[in-house]
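I have placed the structure first, in the form of C-alpha cells, so that the comments after it can refer back to it.
From a predicted model like this one, the values you see are computed outputs, not experimental measurements.
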Amino acid sequence: MTTRTADQARTGRGERFDPGTYEQQWRDRWETDGLHHADDADPKPKRYVLTMYPYPSGDLHIGHWYAATAPDIVARLHRMRGENVMFPMGFDSFGLPAENAAIDRGVDPATWTADNIDRMRSQFRTMGCMFDWEREVVTSDPSYYRWTQWLFLQFYRAGLAYRAMAPVDWCPKDQVVLAREQVEGADRHCWRCGTPVVKRDLEQWFFRTTNYADEMLGFEGLDWPEPIRLMQTNWIGRSEGAEIEFPVEADGAEPIRVFTTRPDTVFGATFMVLAPEHPAVASLTTPDRREEVEAYVGAARRQTEIERMSAEREKTGVFIGSHAVNPMTQERIPIWVADYVLPGYGTGAIMAVPAHDDRDYAFAAKHDLPIRYVVQPPDGMPEGQPFIAHSADEVLVDSGEFTGMPASEAIGAITRQLADLGLGGPAVSYKLRDWLVSRQRYWGAPIPIVYCPEHGAQPVPEDQLPVVLPEDVGFAPTGVSPLQSHEAFLKASCPICGADARRETDTMDTFVDSSWYFLRYCSPHDDQRAWDPEAVARWLPVDVYTGGAEHAVLHLMYARFFVKALRDMGMLSFDEPWIVLRNQGQILGVDHQRMSKSRGNVVNPDELVARYGSDAVRLFLMFIGPWDQGGPWNPMGIEGVHRFLGRVWHLALPEPEGGHAGALADEELERALRRATHATIAGVTADLEAFRFNTAVAKLMELANAIQHARDAGIGGSRIHTEAVDTLLLLLAPAAPHVTEELWARRGGAYSIHAQAWPEADPALAVADTIELPVQVDGKLRDRLVVTADTPAEEIERLALASEHVQRYLTGRAPRRVIQVPGKMVNIVTPDA
RNA sequence: GCCGGAGUGGCGGAAUCGGCAGACGCGUCGGUCUCAAACACCGAUGAGCGCAAGCUCGUGUGGGUUCGACUCCCACCUCCGGCACCA
C-alpha cells in the first residue's frame, strides 16, 4: 500500500510526516505505563465516561470509530483538567448471531464469540482511545453471567421477576415454538413445514418494569436529548381517566370494567367491545352466536399482537349476543368482540362512543350501530364524522344532569358521581408492559430456576451459581434451544426436598446483561459479589454516557428500571444510571446511503488507519458535521484533515539549527497571534464541552493557519509563537492523541501531553484591540469602520455618518434613527425607510 | 395518522442571545515548484450585472413582526427518525 503524506515530495524543511513511524509506539508506551488505568485510590475528582459496549459481531466498522472517538475526546479533556477519569470498554457478547453462526457454519458460539472479541479488541486498540482495558467485561463469561443470574434471583425474591402465560407462535405440526422471524407470509405459516401457526400461551418470565412507570416519567436532574425523553415518555404512555363498570344483562355475570380517558362521553356509549382474549367473551356469548364468535376469536388468536396492530384499519368484529347497561343512561347496549380492542391495555374492554372516537365511529358505521353525540362542537353538530373534543369550551348535550357543563369540568364531575355510585372512579393506564425477559434460546444467561414436581418453580441456591451453559451441545435449525435436549443440563434437584427437578431452559434477554454492566466496570474482577459497593458509590452514576438513539426505549429504559429496582432493594443509593446522555448519528456511505456489504459502500477503518494513521481517521470523523447527526463519508475529506495534521507537524517540529530562532519582534503580529491563541482556547473548550467537535476542529485549523501566517510574517520562534504552537498541540491532544504526543516529546515537553494541564484562556488577552464595525443603511451593509475597541458610541456614530457610502443614501439629510449594537454593528435609518 | 428532527454555495457544513450569511474543509479555477506529472505551497471562488467604483438577488415555499430575520410568528411543501387501533 502506498502511503501518501503531506510532504512526501518536498517542503525543504524538517522531517516528513508519517504517522506510521510513531503511532503504534505511543500506544504501546501508554499501555506499558498504565496511562489509561483509572485508579480507585486516586484522590482527584472522579469522572465516569462511558460509551455503549458493542456486540462482538466480527470486525470493527467505521461506526464503532465514530461512536468511540467522541467520548474518548471528552474523557481526555476531563483528564487534562485534573480529574480521575474512568473510561472502560467491554463486550455485550450473548445474543443470536453467535447461535446463527453455529447453526449455519457449525462453529461453537463460545469459540466464535471469543475469536470475534480478540479481533475487535486489537482493532479497538488502534483507535488510541484511553480505554481502561483492565476493567473489561465480557457478558458471556461465567464470571459475569454468574452475577446476572444472581441479580435475577434478587429480582425474584423482591417480587419483581415473575412467571406468567404469554402468547407465542406455535407450529402444531412440528410441535415447536417459533421465533418471530420463523413465521412467514401473510397467512403466517411455519418456515419449515408450511403449516399455519397458532398463538399459544406459554409460561414466560417477566420483570415488573411497570412498577416504575411513573418514576421513569421523571427526568429531573438529567441532561438527556429531548427526543429520547419524549420517546420514553410516549412509550410509557401514561393516560389519566376513569374505570367504569357496566352491568351485564345475564344471570350472575360480573359487570364489565372499562378504562376511558373520556368519562365525560359516557352518555354517548352505545355499545361495548371486548378484546378477543377477554375472559368474559366465552361466558357472555349466547348459544346462537357461539359458532361465529369462536371462529372470530380463533382467527384473531392466530395473529400476533404486532400484526393485529399494524393490519389494515378495517374494523372487524362480531356481536356476542349479550347486552350491558349504560350506567348513566340505563340503556341496553350490545356487547361485541373485535380485535381493535387490545387485551393488554386498560381492562381489555371498552365502552364505545362512536360520536367522539374515530375507531368507534368507524366500527359503528361499518356494523350499523347507533351514534349519539353528547358533546357539542362550537360550530354545530357534524354529519358523518366523529367529533373529538379538545378544548374546555365544548359543552355536554343530551347528558342528563350534566347537560350544559363544559367537557373539561364534566370529566371530574361524572367520575365523582360514578365513584359515589360504586361504579368506578379515577384511573391511570400505561402503554408500558412488563418486560418479557425469557428467551427460548441457547446463547444467553440461563435463568437460574429449577422445577420440582412437588414444589414448583424454585430459585437455584446462590452458592450453586453460575448455572453454566453446557458447551457440548448440538445445533440444528429446529428453532428449539439445544438446552431442551441436554440431559445433563436438564437434570437438577429441588433445593427444598432434594427430589429430581428439571432445570429451566430459557435464557435471559441480552438486555438484562447490559442493564448492569456499568456497575460491573467498577470492580470487574470481584468474584465474591456483583460489585464492590464502595467502588460503585465512588464512580456512579455515570457522568457522561454516549451511544445510539436506537436504544431509546430498550436499553436506556431497562437500565433505569434496574437502578431504581436495585435502589429499592437497598443495593444502590442513586436513582439514575447516567446523568448526561448524548447520541451519535450514523456515518453513511459516499452515496449517502446506509453502509452495507450489498451496496458495496462500506468504509474499512483498518485500511484508512494504515494509510493515514489513526489520528486522521478520528479527526475527520469528528469534522464531518455535528456528532449527533452523523453524515456521509467523504474520501477526499480525510485528505484535507491529513494535510492539516501535516501542517501541524511542520509547524511544531523543532526548528533545525538557524531556523526561525532569531525571529523579528513585531508587537502587532504577536498581539494578534496571542489573541487568536486565547480565543481558540476559549472556543475549543466550550465546543468540546458541548459535543461540538466539528467546530472545535475548525477552530484548531484556524489557529494553525494563524500560526503559519505569523511564522511566514517573521515571528516564528518568538516566545508568543512557541506558546501558540504548544497550545495548539494541547488543544488538539484529545482528538489526535498520537501526533500531539510525538510532537510534544520532540519539543522537549514532559511526558505525557495527555497528563498536562488543559490551557486556560485569559479573557483579557482574547479581546481584540481594534474591531471592524459593519455600517448598515436601512439594514443593508454599505461600509465598514475600523475603530479601537474603546471608541465611544458618539464617535462611532459621527464616523458612520461621515462615510461617503452612507452619505450616498443619506444625501445630506439627518438620519431618522441610528441604531448601535456595541461591538457588533451600526445601522442608519434614512427618512426613506 | 400522531410525536420528534432537519431543509443554507458544486459538496460536508458554520453563524451559541434578532445584528457583516457562507467560518472550517472538500471540489473547482489561476499561479509557484517540475523537463513533465503527481505531491506540496500561494491566491481566487454564492448567483447575476458592470472596465471599475459598485449595484441587484440570495438560507425549502408564501405571508407577517422588526431599523434589521437563516434565527421570532402564521400557513404550507419536502426529506429523515420514532410510534402506530393504547380507548
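For A:P626 and A:R594, each mapped to the nucleotide of RNA chain B holding its nearest heavy atom, the one lying further toward the 5' end belongs to A:P626. Of the two residues contacting RNA chain B, namely A:L432 and A:G683, the nearest-nucleotide position lying further toward the 5' end is that of A:G683.
Between A:F363 and A:H367, the ring planes are tilted. Angles from 30° to 60° get that label.
B:G25 and B:A75 are spaced 38 Å apart, taking the C1' atom of each and rounding to whole Å. For the P atoms, the distance linking B:C20 with B:C83 amounts to 41 Å, nearest Å. Taking the C1' atoms as reference points, B:G18 lies 22 Å from B:C57, given to the whole Å. If you take atom C1' in B:G22 and the same atom in B:C39, they sit 30 Å apart, rounded to whole Å. When the P atom is used for both B:C49 and B:U16, the distance is 33 Å, rounded to whole Å. B:G43 sits 24 Å from B:G48 when the C1' atoms are compared, rounded to a whole Å. B:G10 and B:G58 have their P atoms separated by 15 Å, with the value rounded to a whole Å. Rounded to the nearest Å, the gap between the P atom of B:U59 and that of B:G7 is 14 Å.
Between B:G27 and A:R643, a contact under 4.0 Å exists linking OP1 or OP2 to a side-chain N or O. Listed pair A:R692 / B:A23 fails the phosphate criterion, with no side-chain N or O lying under 4.0 Å from OP1 or OP2. Distances shown here put every side-chain N or O of A:K780 at or beyond 4.0 Å from the OP1 or OP2 atom of B:A69.
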> Hey, mind stepping through A:N705 and A:R647 against side chain to side chain donor-acceptor pair (under 3.5 Å) and telling me if it holds?
Replying inline: CA-CA 9 Å; A:N705 292 343; A:R647 202 150 60 240; 3.3 Å; yes
> Given the rule in the side chain to side chain donor-acceptor pair (under 3.5 Å) test, do A:Y296 and A:T316 qualify, once you have shown the distances and angles that lead to the verdict?
Replying inline: CA-CA 9 Å; A:Y296 184 80; A:T316 60; 2.8 Å; yes
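The distance between atom CE of A:M636 and atom P of B:G10, rounded to the nearest whole Å, is 20 Å. The distance from atom CG of A:L621 to atom P of B:G13 is 14 Å, rounded to the nearest whole Å. With rounding to whole Å, A:E226 atom CD is found 21 Å from B:G81 atom P. Between the CG atom of A:D264 and the P atom of B:A87 there is a distance of 14 Å, given to the nearest Å. One atom, CD1 of A:I624, and another, C1' of B:G25, lie 11 Å apart when rounded to the nearest Å. When rounded to the nearest whole Å, the span between CZ of A:F620 and C1' of B:C24 equals 12 Å.
Listed by chain and residue number, nothing satisfies the ring-ring contact (aromatic ring centres under 6.0 Å, His included) test with A:W235 (two or more places apart in sequence, or in another chain). Scanning for ring-ring contact (aromatic ring centres under 6.0 Å, His included) contacts around A:Y212 gives A:F561, with sequence neighbours left out. For A:E794, the side-chain contact (heavy atoms from CB on, under 4.5 Å) criterion is met by A:P792, not counting sequence neighbours. Partners of A:A324 according to the side-chain contact (heavy atoms from CB on, under 4.5 Å) rule, which considers only residues two or more places apart in sequence or in another chain, are A:F246, A:M272, A:I333, A:I335. The side chain to side chain donor-acceptor pair (under 3.5 Å) search around A:T788 returns A:D790, A:T791, not counting sequence neighbours. For A:E245, the side chain to side chain donor-acceptor pair (under 3.5 Å) criterion is met by A:R257, not counting sequence neighbours. A:H555 is linked by a side-chain contact (heavy atoms from CB on, under 4.5 Å) to A:M52, A:F511, A:S514, A:Y517, A:Y545, A:H551, A:A559, A:W578, counting only residues two or more places apart in sequence or in another chain. A:T69 pairs by the side-chain contact (heavy atoms from CB on, under 4.5 Å) definition with A:I73, A:R618, A:M622, not counting sequence neighbours.
Within residues 695-708 of chain A, the residues that place at least one heavy atom under 4.0 Å from RNA chain B are, in residue-number order, A:T695, A:A698, A:K699, A:M701, A:E702, A:N705, A:Q708.
Salt bridge annotation for A:R229-A:E226: present, with a cationic side-chain nitrogen under 4.0 angstrom from a carboxylate oxygen. With respect to the salt-bridge test (charged N to carboxylate O, under 4.0 angstrom), the residues A:D360 and A:K315 do not qualify.
Looking at heavy-atom distances under 4.0 Å, A:G237 makes no contact with the nucleic acid at all. The residue A:N694 sits close only to the backbone: its heavy atoms come under 4.0 Å of sugar-phosphate atoms, none of a base. Using a 4.0 Å heavy-atom cutoff across all strands shown, A:S429 reaches no nucleic acid atom at all. Among the atoms of the strands shown, only primed sugar atoms or phosphate atoms (P, OP1, OP2) are found under 4.0 Å from some heavy atom of A:K824.
Stem list for RNA chain B (at least 3 consecutive Watson-Crick or G-U pairs, distances under 3.5 Å): B:1-7 with B:77-83, B:10-12 with B:24-26, B:27-32 with B:40-45, B:46-49 with B:54-57, B:60-64 with B:72-76.
Classified by its glycosidic torsion, B:C17 falls in the syn category, the angle being within 90° of 0. In B:G22 the O4'-C1'-N dihedral to the base is more than 90° from 0, which defines an anti nucleotide.
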Any protein N or O atoms within reach of nucleotides 52-54 of chain B? Criterion: under 3.5 Å, listing atom names and distances.
residue, atom, partner, partner atom, Å
B:G54, O3', A:R808, NH2, 3.2

List, with names and distances, any nitrogen or oxygen atoms from the protein found under 3.5 Å away from nitrogen or oxygen atoms belonging to nucleotides 64-67 of chain B.
residue, atom, partner, partner atom, Å
B:C67, OP1, A:R817, NH1, 3.4
B:C67, O2, A:N827, ND2, 2.4

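At least one side-chain heavy atom of A:L651 sits under 4.5 Å from a side-chain heavy atom of A:Q708.
If you check the side chains of A:D591 and A:N601, you find a donor sitting under 3.5 Å from an acceptor.
A:R599 CZ: more than 12 foreign heavy atoms inside a 6.0 Å radius.
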